[in-house]
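For reference, the structure discussed in these notes is given below.
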Amino acid sequence: MASVRTLKKDINFLTSELVTQAYLNQLIFNKISDDALVEHITKAVDFRNNFVERANHPDGKDNAKLVKAYYRTLRKEMVEEFGVLYEALAQQLKESAQ
């Protein structure tokens with residue numbers, strides 16, 4: 001159970017990083033618009049809600065191997081999805097800097 005709590009903490013941390021970076025880029029650096037800020041925050045919250053929901057409901061609860069494989073796959077997907085969202089934010093910043 002401790003690994004599920006750790007996974008949820010990681011999900012919340014990554015979400016916080018996305019939201020913080022979007023706010024910093026808008027408020028401090030004036031690099032993104034209000035609409036873009038809302039879009040990035042919405043995607044970050046959707047990311048969080050999706051992965052926490054999936055962490056709460058693993059497949060194969062009666063089989064430890066299936067559960068372990070499920071969480072391994074979930075963690076991998078979480079990192080990949082975070083990378084996609086973060087890259088989208090970075091790409092928008094590059095475009096606004098030009």
Side-chain angles (χ1 to χ4, degrees):
M1 196 65 166
S3 65
V4 175
R5 283 192 297 262
T6 302
L7 178 61
K8 289 181 192 178
K9 285 180 181 180
D10 290 346
I11 293 166
N12 287 326
F13 173 77
L14 293 176
T15 302
S16 175
E17 288 298 306
L18 288 168
V19 170
T20 299
Q21 190 63 46
Y23 269 121
L24 284 174
N25 290 326
Q26 195 222 23
L27 298 174
I28 294 176
F29 304 117
N30 296 317
K31 297 287 185 182
I32 61 175
S33 67
D34 289 342
D35 291 338
L37 177 67
V38 169
E39 179 183 337
H40 288 295
I41 291 173
T42 301
K43 286 181 181 179
V45 171
D46 289 345
F47 163 83
R48 184 226 172 259
N49 292 342
N50 176 36
F51 281 95
V52 167
E53 177 69 23
R54 290 172 62 192
N56 286 334
H57 298 94
D59 290 339
K61 290 183 181 182
D62 297 332
N63 186 330
K65 287 183 180 182
L66 286 178
V67 171
K68 188 173 182 178
Y70 176 83
Y71 283 120
R72 187 179 312 116
T73 301
L74 183 63
R75 183 171 289 278
K76 180 182 175 196
E77 290 175 11
M78 175 192 72
V79 170
E80 290 171 356
E81 180 68 19
F82 173 79
V84 168
L85 293 172
Y86 196 83
E87 186 59 38
L89 178 61
Q91 184 62 36
Q92 186 172 15
L93 293 173
K94 287 178 188 175
E95 291 171 1
S96 67
Q98 295 175 352

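All values derive from a computational prediction rather than experimental measurement. Only this structure's heavy atoms are used, side chains among them; waters, hydrogens and symmetry mates stay out.
Distance CD/Gln21 to CG/Leu85: 13.0 Å, rounded to 0.5 Å. If you take CG on Leu89 and CG on Leu24, they are separated by 10.0 Å, rounding to the nearest 0.5 Å.
Counting all heavy atoms, side chain and backbone alike, Ala44 lies closest to Val19 at CB-CG2, 3.9 Å. Taking every heavy atom of both residues into account, Ala55 and Val4 meet most closely at O-CG1, 4.1 Å.
With hydrogens and angles disregarded, no donor-acceptor distance shorter than 3.5 Å links the side chain of Ser16 to the backbone of Asn12.
Partners of Gln91 according to the side chain to side chain contact (heavy atoms under 4.5 Å, CB included) rule, which considers only residues two or more places apart in sequence or in another chain, are Glu87, Lys94, Glu95. Among residues two or more places apart in sequence or in another chain, the ring pair (Phe, Tyr, Trp, His ring centres under 6.0 Å) test is passed with Phe47 by Phe51. Residues forming a side-chain hydrogen bond (donor to acceptor under 3.5 Å, both in side chains) with Asp10 (at least two apart in sequence, or on another chain): Arg75. For Tyr23, there are no ring pair (Phe, Tyr, Trp, His ring centres under 6.0 Å) partners two or more places apart in sequence or in a different chain. Considering only residues two or more places apart in sequence or on other chains, Asn49 meets the side-chain hydrogen bond (donor to acceptor under 3.5 Å, both in side chains) condition with none of them.
No continuous path of ILVMFWY side-chain contacts below 4.5 Å connects Ile11 to Val84, so the two sit in separate hydrophobic clusters.
Counting non-hydrogen atoms of other residues, nucleotides and ligands closer than 6.0 Å to OH of Tyr71 gives a total above 12.
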Output side-chain donor-acceptor pairs under 3.5 Å for residues 34-43, partner residues at least two apart or in another chain, one line each.
unit_1	atom_1	unit_2	atom_2	d
Asp34	OD1	Gln26	NE2	2.2
Glu39	OE2	Lys43	NZ	3.1
His40	NE2	Gln92	OE1	2.5
Thr42	OG1	Val38	O	2.7

- Given side chain to side chain contact (heavy atoms under 4.5 Å, CB included), test Leu7 with Met78 step by step and report yes or no. CA-CA 9 Å; Leu7 178 61; Met78 175 192 72; 4.0 Å; yes

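Sorted by first and then second residue, the salt bridge (Lys or Arg N to Asp or Glu O under 4.0 Å) pairs with a member in residues 15-27 form an empty list; sequence neighbours excluded. For residues 52-70, every residue pair satisfying the side chain to side chain donor-acceptor pair (under 3.5 Å) rule, not counting sequence neighbours, is listed here: Lys8-Asn56, Glu53-His57, Arg54-Glu77.
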